[in-house]
Protein chains: 2
Amino acid sequence: MTAPTRKDLDALQQIVGDKGLLEPGEDLVSYENCVRYGAGKAAFVVRPASSAETSKVMAYCMGQGIVLVPQSGNTGLVGASTPDGTGQQGVLSFDRLTGTATSDGTTSNVSGANDKIIFDEENRSVTVGAGVRLSDLNAFLAPKGYVFPIDLGADPRIGGMIATNTGGARFLRYGDVRQNTLGVKVVLADEAGTELDFMSGLRKDNTGIDWKHLFIGTTGTLGVVTEAVLNVQRLPQQSAAALLVPRDEAAVLKLLLEMEQRCDSQLTAFEGMSAEAMAAAFDHVPSLRNPFPGGDLPDYVLLVELSRTWAMREGEQTLDELLEIVLAEIWEDEEAPLENAFIGRPEEMWALRHALSEGVKHAGKLVAFDVSFRRGDLMKFRAFMAEELPKRFPDVRICDFGHVGDGGLHFNLAIAKDDPRLNDETFIPDLRDWVVKIVVEKYHGSFSAEHAIGRSNQSFYYEYTPEKVKELAAGMKALISPNDIGVVKLG
Amino acid sequence: MTAPTRKDLDALQQIVGDKGLLEPGEDLVSYENCVRYGAGKAAFVVRPASSAETSKVMAYCMGQGIVLVPQSGNTGLVGASTPDGTGQQGVLSFDRLTGTATSDGTTSNVSGANDKIIFDEENRSVTVGAGVRLSDLNAFLAPKGYVFPIDLGADPRIGGMIATNTGGARFLRYGDVRQNTLGVKVVLADEAGTELDFMSGLRKDNTGIDWKHLFIGTTGTLGVVTEAVLNVQRLPQQSAAALLVPRDEAAVLKLLLEMEQRCDSQLTAFEGMSAEAMAAAFDHVPSLRNPFPGGDLPDYVLLVELSRTWAMREGEQTLDELLEIVLAEIWEDEEAPLENAFIGRPEEMWALRHALSEGVKHAGKLVAFDVSFRRGDLMKFRAFMAEELPKRFPDVRICDFGHVGDGGLHFNLAIAKDDPRLNDETFIPDLRDWVVKIVVEKYHGSFSAEHAIGRSNQSFYYEYTPEKVKELAAGMKALISPNDIGVVKLG
């Protein structure tokens, strides 16, 4: 790693222009800090406005031994997008990477376009720059009747969504970013700043290695995605939602299987919320309506959503009616897995669901885990933890919620802010190690379901990745993007 | 490449036992020939019965410099699964690779299992050996109410489906094999016969490189998949189908977009059939009923299918009714893209669709292309070919059909068997080169949509893969599976 000099800054400014370079002394705070973890110090922030400029920046920095940390929306939760504290690393920001140099191949397909996004309605796809925000993409698509169906609490930029392969709350129906990425343009971390174009946007193409998968979910370590072709979906025009109270923990998966069969792909979400997480949300957002009789929170509640892309037809069952019928069918069974159900306005139910994340942050000192399991193991893991955590780490509250439909769990632990154990610097690391060990070794789960790898979980990567796989990953890194980039190590 | 000796055969027999090794002199014909291309000669056929045995076979052969050609169901169409004519290559058959050594992690999830297949209903997944046939998997799943939703005319084994990333006729709704593969176990082509286990079966897992994607669609060149975890879907319990006659070629994509919006994911197929392909099917299969008035075949017909996973409910619209309503909605428009429509029995319509493949084989000497496009370009390519092919190659008939919903096209050309040009050995290669050049260069399409790479399209891989990508692919091969295996070259 080399500390950038004045000469380097001038050379970068030559590439990206005045607007493209921010230097120490300017306001770099938002580039140096990320949402949840530590503070860094940037040698500079370079903001190329195109893939070609990114390539030139990369070539220059890699040639000079300057480490770049790619930064997309900087909304990640594992500390993968900010520089370290040395002041020697530059931030490669996607802020201005909102255009695309890629035509869609056959321009006659373009039925709508602005300077940022090319929409190919016939292919049901968009071509976007990595710096486009999810909300901007969806604001562009909504009037056309389409949506990029990755449903997240945060508002990241597309490049970061690809680098972390975000999943979100409607994975059950639409899949993750990987399943919705039809192509990428990528700049490799080498001294040539090699630009590779895998932007065909084809849905079926089996002509050798499908390269895009190497750049999805690998946090920029194997190359920086500068543009992408994304699959989009028709925007739903009808929806219905219910809060279901399962009879017991074992009933949760039964309900999921019943709903899947009885609603097919109209089922667009099947989310789990613990009483503790809901309580934290109600405490933190007083305007939220508590829908439960007497305000008594059930131990565990499932948010289910149905949706359809067509407008209500005359004489057709509404989705609310369908939901009632389906729940009645489930209830008919003597051993029905359902204790109670509340059909209501989807917006209100999603408001509760989306408030959980903010809510739990205020429940105490938060130790957050983004883990996943085979679907059947999620509730078993919760039950194990409810039993064992208090023995091992008393007075740590479980405030979890998650994506039961895909096995993803935001397993949050809250500790009273005045708990004296917080002064012991081994306490939280020990707690994290213990939880992750159980996730991975006892339940064969993942320690990073949808946040990918960053500083905060790098140690788990080292610990739980087989040696041979790490060796191959190191070889892959040396082959594809041999120079130092980002904060993650694969080898 | 080394010719196997008696000593080698004995060593292999030690590993796989008597049943596991077939030698020249025994009946090897079915292993030496594939459906469409040339005849090979096998030095032996080795049939390991487990992943562990495969690893030992691999280690032995790679150590001795013996080339193995992995062979799954041997139903592929690009000549990737049979030995060459030297008699020096061994066939690594998946015939007996029907078991699995992989438990599903938490055996308590297993709600059904036989010696071949482990079913995890809660996770909606199965663990299977690479040698299990698609039909056997679905026969196992059907009584449980599930299906592996890759709909093909052929009956391949799972390992080959993964190696070629097959798509099929319901891709529009369910995706390809890649999108339905949750995990693989793989044996690398190295002197250790390294076995790697990526069998967690998790739906969300972002802990570094997602290795399975390197082994999907790469024809065994980077390693041999011996077991897999597959996503399964609920088996539809209702379906409806119609044959639609579009007003003109431009109307086809309009119809697709209309159907997608008005039916949402109930739309499970949107297939295109040319008059020539249908005529060939009717000629070849006289029992097929011609559903068109007076038997007059429209120029182009779309087969659309709707389906649902639940049993018909009282008072609910049937899918036939829904189809009628939707078609009436589309017809309301003055410029309706629809000229005619026939709602009928899905089985009958699929019988026609599935007969096309056999039918066109009898239409003459067949030159077949498995190509794909952005969806909007498929009909444009057809129109271009209808115009230009007769100028360049007169008396060559286009008998195409395809997967309009995903841009895949089986572009078949038939030449009269007594055409004297067939005696000119450059005629067919010139024809193939010309078509592929237009697919790739003019329409930015793929020369292998769902058959992957084999001997018959290796030259197109060389020609149309950028140099830098080939260089990286060669590096990848050297890194992961350095020894010689299979017939495909990536570098």
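Order of the sequence lines fixes the chain letters, A, B, ..., with proteins taken first and strands second; residue numbering starts at 1 for each chain.
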K.L.:
Does A/Arg262 have any salt bridge (Lys or Arg N to Asp or Glu O under 4.0 Å) partners at least two apart in sequence or in another chain, and if so, which?
P.N.:
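Partners of A/Arg262 by the salt bridge (Lys or Arg N to Asp or Glu O under 4.0 Å) criterion, ordered by chain and then number, come out as A/Glu258, A/Glu329.
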
K.L.:
Between A/Arg203 and B/Asp406 (salt bridge meaning N to carboxylate O under 4.0 Å), is one present in this structure?
P.N.:
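Salt bridge absent between A/Arg203 and B/Asp406.
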
K.L.:
Heavy-atom cut-off 4.5 Å, strictly under: side chain, backbone, both or neither for A/Gln233 against chain B?
P.N.:
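Neither the backbone nor the side chain of A/Gln233 comes within 4.5 Å of chain B.
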
K.L.:
Please classify the contact of A/Phe171 with chain B as side chain, backbone, both or neither, using a heavy-atom distance under 4.5 Å.
P.N.:
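For A/Phe171, side-chain heavy atoms alone lie under 4.5 Å from chain B.
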
K.L.:
Top residue by heavy-atom pair count (under 4.5 Å) with chain A, among B/Gly208, B/Gly475, B/Ala478?
P.N.:
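Option with the greatest count: B/Gly208.
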
K.L.:
For the interface with chain A, which of B/Ser265, B/Pro466, B/Ala311 has the highest count of heavy-atom pairs at distances below 4.5 Å?
P.N.:
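Of the options given, most contacts go to B/Ser265.
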
K.L.:
Could you give the distance from CG (B/Asp120) to CZ (A/Arg374), rounded to the nearest 0.5 Å?
P.N.:
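The CG atom of B/Asp120 sits 5.0 Å away from the CZ atom of A/Arg374.
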
K.L.:
Return the OG to CG distance between A/Ser446 and B/Leu202, rounded to the nearest 0.5 Å.
P.N.:
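Rounded to the nearest 0.5 Å, the OG-CG separation comes to 6.0 Å.
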
K.L.:
Just by distance, do the side chain of A/Asn206 and the backbone of B/Ala449 share a donor-acceptor pair under 3.5 Å?
P.N.:
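Indeed, once roles are kept as given, a pair shorter than 3.5 Å links the two residues.
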
K.L.:
Ignoring hydrogens and geometry, is there a side-chain-to-backbone donor-acceptor pair from B/Lys204 to A/Leu409 under 3.5 Å?
P.N.:
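Absent.
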
K.L.:
Between A/Val326 and B/Trp310, is the side chain to side chain contact (heavy atoms under 4.5 Å, CB included) condition met? List the steps.
P.N.:
CA-CA 10 Å; A/Val326 165; B/Trp310 65 86; over 6 Å; no

K.L.:
Is chain B contacted by the side chain of A/Phe198, its backbone, both, or neither, given a heavy-atom distance below 4.5 Å?
P.N.:
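Answer is side chain: those atoms of A/Phe198 sit under 4.5 Å from chain B.
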
K.L.:
What part of B/Leu214 gets closer than 4.5 Å to chain A, counting heavy atoms only: side chain, backbone, both or neither?
P.N.:
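Only the side chain of B/Leu214 comes within 4.5 Å of chain A.
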
K.L.:
Can you tell me which portion of A/Ile325 sits under 4.5 Å from chain B's heavy atoms? Options are side chain, backbone, both or neither.
P.N.:
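A/Ile325 touches chain B through side-chain heavy atoms alone.
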
K.L.:
Identify which part of A/Gln261 has an atom lying under 4.5 Å from any heavy atom of chain B, answering side chain, backbone, both or neither.
P.N.:
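Both the backbone and the side chain of A/Gln261 come within 4.5 Å of chain B.
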
K.L.:
Looking only at heavy atoms and a cut-off of under 4.5 Å, which of B/Arg313, B/Gln266, B/Glu260, B/Glu471 has the most pairs with chain A?
P.N.:
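Highest number of heavy-atom pairs under 4.5 Å: B/Arg313.
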
K.L.:
Does any heavy atom of chain B fall under 4.5 Å from the side chain of A/Thr219, the backbone, both, or neither of them?
P.N.:
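No part of A/Thr219 comes within 4.5 Å of chain B.
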
K.L.:
Report the residues that fulfil salt bridge (Lys or Arg N to Asp or Glu O under 4.0 Å) with B/Asp210, sequence neighbours left out, ordered by chain and then residue number.
P.N.:
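B/Asp210: salt bridge (Lys or Arg N to Asp or Glu O under 4.0 Å) contacts with A/Arg178, B/Lys212.
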
K.L.:
Would B/Tyr464 and A/Thr207 count as a side chain to side chain contact (heavy atoms under 4.5 Å, CB included) if you check the C-alpha gap in whole Å, the side-chain angles of each, and the deciding distance to 0.1 Å?
P.N.:
CA-CA 10 Å; B/Tyr464 295 111; A/Thr207 48; over 6 Å; no

K.L.:
Please classify the contact between A/Val469 and chain B as side chain, backbone, both or neither, with a heavy-atom cut-off of under 4.5 Å.
P.N.:
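For A/Val469, heavy atoms of backbone and side chain both lie under 4.5 Å from chain B.
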
K.L.:
At a 4.5 Å cut-off on heavy atoms, which part of B/Leu257 comes close to chain A: side chain, backbone, both, or neither?
P.N.:
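Both the backbone and the side chain of B/Leu257 come within 4.5 Å of chain A.
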
K.L.:
What's the spacing between B/Thr465 OG1 and A/Ile209 CD1 if we round to 0.5 Å?
P.N.:
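Going from OG1 on B/Thr465 over to CD1 on A/Ile209, the span is 10.0 Å.
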
K.L.:
Need one label for A/Ser307: side chain, backbone, both or neither, based on atoms under 4.5 Å from any heavy atom in chain B.
P.N.:
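The answer is the backbone of A/Ser307.
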
K.L.:
Is A/Ile453 in contact with chain B via its backbone, its side chain, both, or neither, using a 4.5 Å heavy-atom distance?
P.N.:
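Answer is both: backbone and side chain atoms of A/Ile453 are under 4.5 Å from chain B.
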
K.L.:
Is the backbone of B/Thr309 close enough, under 3.5 Å, to the side chain of A/Asp264 for a donor and an acceptor to pair up by distance?
P.N.:
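Yes; at least one donor-acceptor contact below 3.5 Å.
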
K.L.:
Heavy-atom cut-off 4.5 Å, strictly under: side chain, backbone, both or neither for B/Glu450 against chain A?
P.N.:
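Both parts, heavy atoms under 4.5 Å.
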
K.L.:
Please look at B/Leu378 and chain A and tell me whether the side chain, the backbone, both or neither of the residue comes under 4.5 angstrom of a heavy atom of that chain.
P.N.:
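The answer is neither part of B/Leu378.
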
K.L.:
Find the one option among B/Phe373, B/Phe447, B/Phe460, B/Phe215 whose heavy-atom pairs under 4.5 Å with chain A are most numerous.
P.N.:
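Looking at each of B/Phe373, B/Phe447, B/Phe460, B/Phe215 in turn, B/Phe447 comes out on top.
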
K.L.:
In terms of heavy-atom proximity below 4.5 Å to chain A, should B/Leu322 be classed as side chain, backbone, both, or neither?
P.N.:
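For B/Leu322, the side chain is the part near chain A, not the backbone.
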
K.L.:
Looking at B/Met476, B/Gln317, B/Arg308, which one has more heavy-atom pairs under 4.5 Å with chain A than the rest?
P.N.:
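Of the options given, most contacts go to B/Met476.
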
K.L.:
About how many Å separate CZ of A/Arg124 and CZ of B/Arg375, when rounded to the nearest 0.5 Å?
P.N.:
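Between B/Arg375 CZ and A/Arg124 CZ, I get 4.5 Å after rounding to 0.5 Å.
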
K.L.:
Heavy-atom distance under 4.5 Å to chain B: side chain of A/Leu182, backbone, both or neither?
P.N.:
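Nothing of A/Leu182, per the 4.5 Å heavy-atom cut-off to chain B.
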
K.L.:
Flag the one option from B/His403, B/Lys254, B/Gln179 with the top tally of heavy-atom pairs under 4.5 Å to chain A.
P.N.:
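The candidate making the most pairs under 4.5 Å is B/His403.
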
K.L.:
With chain B as the partner, which of A/Gly407, A/Gly145, A/Cys263 has the greatest number of non-hydrogen pairs under 4.5 Å?
P.N.:
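Of A/Gly407, A/Gly145, A/Cys263, A/Cys263 has the most heavy-atom pairs under 4.5 Å with chain B.
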
